[in-house]
Amino acid sequence: KSPVIAVDGPSGSGKGTLCQKLAQHLGWSLLDSGALYRLVGLAGVKHGIALDQEAPLTELARDLDVRFEPGAEGEPTAVILEGEDVSDVVRSESTGELASQVAVLPEVRKALLGRQRAFAQAPGLVADGRDMGTVVFTDADLKIFLTASAEERADRRYNQLINKGESVSLAALLEDIRARDKRDSERKVAPLKPADDAVIIDSSGLGIDDVFDRVLAVVRE
Ligand code: CDP
């Protein structure tokens with residue numbers, strides 16, 4: 001069985017960047033499980049399905065027509081949903097909101113399980129999400145729970161979005177992050193919480209390189 005490193009944590013904890021660096025460093029594949037929830041949200045809107053309609057969304061999730069096309073050197077992976085390039089919109093703040101709405105639906109989560117587990121292939125997988133260590137890869141070789149204060153996460157997200165040219169307010173982002181934390185941690189299925197055997201890393205006040213070094217030290221143990 002191929003090794004899996006499960007990385008979970010709240011919105012803006014720096015998981016995405018950490019997982020990319022880690023996968024690249026180890027030469028392993030990367031599962032961005034949040035992208036799957038984002039895609040179900042986008043597809044739902046596209047098909048005019050209200051985001052609390054569990055049955056049709058579950059069907060969408062099961063048959064999701066998505067391709068991830070590796071970009072040229074240094075370019076990000078392109079995300080193609082039903083033949084349409086959604087690479088930019090899939091990462092936007094508003095799509096994250098759609099994702100967190102469909103993510104509360106137990107049948108949608110179940111429908112995405114097989115697709116996520118199929119990513120576990122040689123030489124190894126870095127899995128980024130909310131429930132990688134608690135549900136999807138319960139027997140992962142290493143589980144990391146990356147967190148940071150809500151204020152710091154809002155700050156980071158703010159800088160990311162400003163750099164991408166999105167216009168946002170810091171206060172609104174902080175409110176968003178708090179609301180998202182609440183929805184993610186209070187939902188009945190796969191609530192956001194560290195697995196019992198997770199290594200918890202608080203990245204408040206740490207740069208991405210500090211976090212990466214800390215995680216590498218744990219990986220080497
Ligand atoms: O960047 P951010 O962490 O906000 O986004 P993401 O990791 O793409 O996740 C977006 C939303 O999808 C989260 O707020 C969760 O509600 C949901 N999600 C989930 O429920 N389970 C996962 N494994 C990944 C994401």
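Remember, it's 1-based here, ligands and their atoms both numbered in the order they're listed. Because the structure is a prediction, the values reported are computed rather than measured.
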Do the charged groups of [X] and [Y] touch, with an N to O distance under 4.0 Å?
X      : Y      : answer
Asp176 : Arg157 : no
Glu82  : Arg67  : no
Lys164 : Glu93  : no

Tell me the salt bridge (charged side-chain N to carboxylate O under 4.0 Å, His left out) pairs involving residues 200-214, sequence neighbours left out?
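Every salt bridge (charged side-chain N to carboxylate O under 4.0 Å, His left out) pair that includes a residue of residues 200-214, provided the two are not neighbours, is Lys21-Asp209.
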
Residues in the immediate environment of ligand 1 (any heavy atom closer than 4.0 angstrom)
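Lining ligand 1 at under 4.0 Å, by heavy atoms, one finds Ser11, Lys15, Ser33, Gly34, Tyr37, Arg38, Arg91, Ala99, Ser100, Ala103, Arg109, Gly129, Arg130, Asp131, Met132, Arg157, Arg180, Asp184, Arg187.
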
Suppose we screen for side-chain hydrogen bond (donor to acceptor under 3.5 Å, both in side chains). Which residues come up paired with Glu59, at least two apart in sequence or across chains?
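With sequence neighbours excluded, Glu59 shows a side-chain hydrogen bond (donor to acceptor under 3.5 Å, both in side chains) to no residue whatsoever.
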
For residues 133-146, which residue pairs pass the side chain to side chain donor-acceptor pair (under 3.5 Å) check, not counting sequence neighbours?
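Output for this query lists Lys143-Asp197.
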
